[in-house]
Trainee: 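Questions regarding the structure given below will be posed in turn.
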Amino acid sequence: MPWSPLAALSWALVLRLLALLWPPGRGEACSCAPAHPQQHFCHSALVIRAKISSEKVVPASEDPADTQKMIRYEIKQIKMFKGFEKAKDIQYVYTPFDSSLCGVKLETNSHKQYLLTGQILSDGKVFIHLCNYIEPWEDLSLVQRESLNHHYHQNCGCQCRVPSQPTMSVSGRTGCWNGSSMDTRPSTMSA
């Protein structure tokens, strides 16, 4: 049964009214391009293994007019894999409060440890978000754990788009650390 013009107009008005009344930020979402763990490592200023001690909601800036909030996680740093020249001992990491702004929710006061990659802001704060590589330590494979110490850093000149697809380096060779050696087979991908 087709809709009458009056019913269609009524629904259109209801939908428009809902769109106008919808709270700001409720329809927004964070989206991140997939990336190989090596690429996350290479593009991050800081890579650490840490345990999350506590969390606190704090203002995003000193400006009283700024209503944005951040979560400040107090951490116990276990090991630093990258970032030695920029920071020594990290006590806090910050993330947006809202998941729509790519905020990260981490477990506090548990035995869970995390691999955290992130950036260091101009004020020295460590900033993490959903587009960083943030994984529970126990979910990393042995190869990934070993690669954090050596292989990822040594192969930052290589380009990896997603974990399962080889990519072509300038030399025409694939360039992702495959877990046992650098994959130097000629690429079958077209440039």
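Just so you know, these numbers use all the heavy atoms, side chains as well, and skip hydrogens, waters and symmetry mates.
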Trainee: Starting from Met70, can I reach Leu121 by hopping between I/L/V/M/F/W/Y residues whose side chains sit under 4.5 Å apart?
Mentor: yes

Trainee: Could you work out, with side-chain hydrogen bond (donor to acceptor under 3.5 Å, both in side chains) as the rule, every residue matching Glu107, not counting sequence neighbours?
Mentor: Lys112

Trainee: Looking only at non-hydrogen atoms, find the nearest pair between Lys82 and Ser44 and report the distance.
Mentor: NZ-O, 2.7 Å

Trainee: Within this structure, what is the NZ-CD distance for the pair Lys51 and Glu74, rounded to the nearest 0.5 Å?
Mentor: 12.0 Å

Trainee: Transitively linked via ILVMFWY side-chain contacts under 4.5 Å: Val58 with Phe127?
Mentor: yes

Trainee: I need the full list of salt bridge (Lys or Arg N to Asp or Glu O under 4.0 Å) pairs touching residues 150-160, with sequence neighbours left out, sorted by first then second residue.
Mentor: none

Trainee: Could you state whether Leu140 and Tyr152 fall into the same hydrophobic cluster, counting links through intermediate Ile, Leu, Val, Met, Phe, Trp or Tyr residues with side-chain heavy atoms under 4.5 angstrom apart?
Mentor: yes

Trainee: Return the CZ to CD distance between Arg49 and Gln113, rounded to the nearest 0.5 Å.
Mentor: 4.0 Å

Trainee: If you link ILVMFWY side chains whenever their heavy atoms are less than 4.5 Å apart, which other residues fall into the same cluster as Phe84? By chain and number, please.
Mentor: Leu46, Ile48, Ile52, Val57, Ile71, Tyr73, Ile75, Met80, Ile90, Val93, Phe97, Val104, Leu106, Tyr114, Leu116, Ile120, Val126, Ile128, Leu130, Ile134

Trainee: Do any pairs count as a side chain to side chain donor-acceptor pair (under 3.5 Å) and have a residue in residues 122-133, sequence neighbours left out, and if so which ones?
Mentor: Tyr133-Gln144

Trainee: With Gln68, which residues qualify under side-chain hydrogen bond (donor to acceptor under 3.5 Å, both in side chains), at least two apart?
Mentor: none

Trainee: If you round to the nearest 0.5 Å, how far is OG of Ser54 from NZ of Lys76?
Mentor: 14.0 Å

Trainee: Enumerate the salt bridge (Lys or Arg N to Asp or Glu O under 4.0 Å) contacts for residues 131-142, please, sequence neighbours excluded, ordered by first and then second residue.
Mentor: none

Trainee: I'd like to check the side-chain hydrogen bond (donor to acceptor under 3.5 Å, both in side chains) partners of His150; sequence neighbours left out, ordered by chain and number.
Mentor: none

Trainee: Among all residues two or more places apart in sequence or in another chain, which pass the side-chain hydrogen bond (donor to acceptor under 3.5 Å, both in side chains) test with Lys79?
Mentor: Asn149

Trainee: What are the two closest non-hydrogen atoms of Ala35 and His40, and how far apart are they?
Mentor: CB-NE2, 3.6 Å

Trainee: Taking side-chain contact (heavy atoms from CB on, under 4.5 Å) as the definition, give me every residue that meets it alongside Ser31, ordered by chain and number, with sequence neighbours left out.
Mentor: none

Trainee: Any chance you could measure Glu146, atom CD, to Leu148, atom CG, to the nearest 0.5 Å?
Mentor: 10.0 Å

Trainee: With sequence neighbours excluded, tell me which residues meet salt bridge (Lys or Arg N to Asp or Glu O under 4.0 Å) with Lys105.
Mentor: Glu55

Trainee: For Pro34, does its backbone N or O pair with a side-chain atom of Gln39 as donor and acceptor, under 3.5 Å?
Mentor: no

Trainee: Where is the tightest heavy-atom contact between Trp137 and Arg145, given as atom of each residue plus distance?
Mentor: O-NH2, 2.9 Å

Trainee: Among pairs that include at least one residue of residues 40-90, which meet disulfide (SG to SG under 2.5 Å), considering only residues two or more places apart or in two chains?
Mentor: Cys42-Cys156

Trainee: Atom CD of residue position Glu62 - does it have more than 12 heavy atoms of other residues, nucleotides or ligands inside 6.0 Å?
Mentor: no

Trainee: Give every residue pair that meets the disulfide (SG to SG under 2.5 Å) criterion with at least one member in residues 88-147, sequence neighbours excluded.
Mentor: Cys30-Cys102, Cys32-Cys131

